[in-house]
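A short worksheet on the structure shown next.
Quick caveat: nothing in here was measured; it's all calculated off a predicted structure. All heavy atoms count here, side chains included; hydrogens, waters and symmetry mates do not. When a ligand or atom number is given, it counts from 1 through the structure's own listing order.
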Amino acid sequence: MALHIFKNVSLSNLLLTDNQDTLQDKFKYIETSMTWTNAQLYCRTDYLDLAVITNDTENTFLAKILSDKGHNDSWIGLYKIPWLWSDKRSVSWSSVKWEFGQPDNVKGNENCARANNEGLMADDTCSTRLLFYCRENRKIKPFY
Ligand SMILES: [Ca+2]
């Protein structure tokens with residue numbers, strides 16, 4: 001019976017949505033340089049996924065973290081082909097602003113996107129090592 005009640009409590013935690021998270025709860029800045037693929041694996045293991053940016057508020061928030069730390073850019077969860085978020089969500093182009101001249105797909109080999117400290121994106125080779133943002137979801141993390 002006690003176990004049954006515990007299960008119900010867990011279920012209600014799972015039903016909370018992203019929208020109830022603050023921006024600080026939603027994103028985790030990882031200050032370790034990794035390739036885009038390894039960054040994705042890291043995020044999916046310890047958090048939810050690489051960061052998905054859904055609006056200007058989130059983009060500005062992430063840009064300010066970089067700016068405050070004096071960093072230039074970091075990986076976000078945007079890749080192709082075609083451009084798609086790491087969690088398979090389709091891209092709303094109103095929330096993604098490219099740097100001037102980007103994406104330029106140098107040598108046809110730039111399939112991952114980084115965001116800079118002004119909130120502008122550029123495509124880059126996925127094997128480049130950069131710091132990155134994970135999308136966190138503390139509310140569905142188990143409480144061990
Ligand atoms: Ca580029």
Side-chain angles (χ1 to χ4, degrees), residues 3 6-144:
L3 182 62
F6 178 73
K7 275 183 177 173
N8 284 342
V9 169
S10 298
L11 183 61
S12 69
N13 284 342
L14 286 170
L15 293 175
L16 293 171
T17 69
D18 277 355
N19 296 333
Q20 291 164 303
D21 284 341
T22 63
L23 287 172
Q24 286 80 4
D25 287 338
K26 197 178 278 190
F27 298 106
K28 179 75 179 174
Y29 186 44
I30 309 296
E31 297 187 63
T32 304
S33 295
M34 292 190 195
T35 65
W36 190 92
T37 306
N38 283 344
Q40 184 190 49
L41 182 64
Y42 180 96
C43 289
R44 286 180 172 179
T45 302
D46 286 1
Y47 300 95
L48 202 57
D49 207 329
L50 275 167
V52 172
I53 298 172
T54 59
N55 57 47
D56 282 344
T57 306
E58 291 178 353
N59 195 25
T60 303
F61 174 79
L62 294 180
K64 189 173 184 313
I65 292 173
L66 287 179
S67 176
D68 287 350
K69 289 180 176 288
H71 297 164
N72 291 329
D73 47 22
S74 69
W75 287 130
I76 53 171
L78 183 61
Y79 74 111
K80 63 179 181 182
I81 303 174
W83 289 106
L84 203 64
W85 290 110
S86 182
D87 65 357
K88 307 293 183 199
R89 224 181 282 205
S90 62
V91 181
S92 164
W93 291 106
S94 62
S95 63
V96 174
K97 294 169 181 64
W98 296 104
E99 283 178 34
F100 181 78
Q102 301 288 342
D104 55 1
N105 197 21
V106 173
K107 296 179 180 172
N109 194 31
E110 298 195 323
N111 295 327
C112 292
R114 53 183 162 85
N116 74 9
N117 58 21
E118 294 176 337
L120 301 174
M121 318 305 180
D123 58 351
D124 203 346
T125 49
C126 302
S127 57
T128 302
R129 291 172 183 273
L130 291 175
L131 310 181
F132 55 98
Y133 297 109
C134 293
R135 187 176 186 84
E136 189 167 15
N137 198 334
R138 291 177 181 163
K139 291 197 170 66
I140 62 168
K141 272 185 142 181
F143 304 100
Y144 293 132

*Would you check if H71 and N117 make a side-chain contact, meaning some heavy-atom pair closer than 4.5 Å?*
no
*Is there side-chain contact between W98 and W93, with heavy atoms separated by less than 4.5 Å?*
yes
*How many angstroms lie between CG in L84 and OG in S90, if you round to the nearest 0.5 Å?*
7.5 Å
*Sort out for me which residue in Y133, W75, F132 forms a ring pair (Phe, Tyr, Trp, His ring centres under 6.0 Å) with Y42.*
F132
*Using 3.0 Å as the cut-off, note every protein N, O or S atom close to the Ca ion (ligand 1).*
Q102 OE1, D104 OD1, E110 OE1, D123 O, D123 OD1
*Count the heavy atoms belonging to other residues, nucleotides or ligands that lie under 6.0 Å from NZ of K64, then report whether that count exceeds 12.*
no
*So which of R89, K88, R44 actually passes salt bridge (Lys or Arg N to Asp or Glu O under 4.0 Å) with D49?*
R44
